[in-house]
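For reference, the structure discussed in these notes is given below.
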Amino acid sequence: MNFNTLCVIGLGYIGLPTASTFAARGLRVLGVDINPRIIETLRRGDVHIHEPGLREEFQSALQTGRLTFDLQPGEADAFIIAVPTPFHEGELGEANGVQFKKADMRAVTSAAKSIVPYLRKGNLVVLESTSPPRTTVDLVRPILERSGLMAGRDFHLAYSPERVLPGQIMRELIENARVIGGITPESAEAGRALYAAFVQGQIIQTDATTAEMVKLMENTTRDVNIALANEFSRLAARFGVDVWEAISIASLHPRVKILSPGPGVGGHCISVDPWFFVESAPDITSLIYHARGVNDEQPRFVVELVRAALGSLKGRKIAALGLAYKPDVDDLRESPAAKVVYLLQNEGARVKTFEPFKPDGLPNMDCVPTLEAALQGAEAVILLVNHTRLRALTPETLRLLTPAKILVDAVNGWAGKDWQSAGFTFHRLGVGK
Ligand code: SAJ
């Protein structure tokens, strides 16, 4: 099977790296997005997201003339759908006494609809967006069949989840194992033929629903394990133990690997995807449901730590360092650091926030463009994201920039001893007195 032309629908964190990588490997790629500003930016030769190595790959693909952009799809040998599947804002489901967040599948639905007029015999359509189990067969297939063509007979249809780690996308896209779930074995084989253009990792062929479950199982495993680490941090604080020391010792056991506690779980993946299981089967997902709750509550434990460190929150001046959902990315979606800042503000604290990767920050908070501006006049400094640049701060530097003597480290970024011997009062999440 030979694919010469490709249409990638959705040019975000996954779609743009994927479109660029395919074009750089010789395919003629049309990148599609409904946002005219994104199309305009890309046509100008610029990129709208920060991801190491993306700009270079994008620009070299652009120079070949094989990568173009439009607001509408066009005819192609293959189509990839890489649009977001967030949860429905403000719309909860309920079953068996459990309230759950529901996946917003509108972008997938309209991307599938937009392909229909261009679908031809022999085409391949791949859904990459993280989706509830059975989306490919129950949602996407019937939409595409409105073309009059039958999936599995006239065209191929597959689900292939993206599994790349933000910050490492360009490398992991190529090196990671890739799962291709076809609605028929022939569809899976067609998917393999397409991705073989750049994937160097193992390509595993299976059915579409298995591939959907694999993706959700990976992220749910991580979410549940982080919830466990967060619960351990609460226990350690209560029993006068340093959770970080306890974790490092427990992890010496050959079959134990404990993840890191922190202010909670953010991003558009791990804090969202487990809900797709809960939504699809609320009667049999109590562990997954409760783990989500543990992680969602975690910002409150950081706030309590800050309250204990300062004695009170009302009117207190706090410098909050970091807003991204994890270290060294510019992505603020579902960020637990942001939740900490909002909670502190609700308690009456006067918080100045500095996010080195996104100085504009978020609405309804006082985001300042420099570290200096955040630290000036502060009474306490809290470290909310373990960005390399923030972790590298030393007592000597901080002393020059702030009168604050109280430090709260929610991410185990700073060496407490150094700060204490420099005269700071140091508090770390998960450390009991
Ligand atoms: N976190 C902790 N403790 C840890 C590890 C992470 O609190 O020990 C927090 C992070 O700070 C962050 C959140 O969890 O707020 C998620 O970060 P992450 O690095 O675990 O994952 P993501 O969301 O950036 O990317 C995940 C990856 N999935 C897995 O590792 C199983 C990635 O491979 C997926 O492609 C991505 O989700 C996705 O798009 O689904």
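First listed ligand is number 1; within each ligand, the first listed atom is number 1.
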Pairwise salt bridge (charged side-chain N to carboxylate O under 4.0 Å, His left out) hits with a residue in residues 232-241, at least two apart: Arg234-Glu297

Between Arg141 and Thr136: side-chain donor-acceptor atoms closer than 3.5 Å: no

Listed once per pair and sorted, the ring-ring contact (aromatic ring centres under 6.0 Å, His included) pairs that draw on residues 336-358, sequence neighbours left out: His50-Phe357, Phe357-His387

Ring centroid separation Phe276 to Phe100 under 6.0 Å: no

Residue shell around ligand 1, heavy atom under 4.0 angstrom: Glu162, Arg163, Val164, Leu165, Pro166, Lys215, Glu218, Asn219, Arg222, Ile226, Leu259, Ser260, Gly264, Val265, Gly266, Cys269, Ile270, Asp273, Tyr325, Lys326

Test: Asp331 and Arg333 ion pair at under 4.0 Å: yes

Those residues that, when tested against Arg222, pass salt bridge (charged side-chain N to carboxylate O under 4.0 Å, His left out) (two or more places apart): none

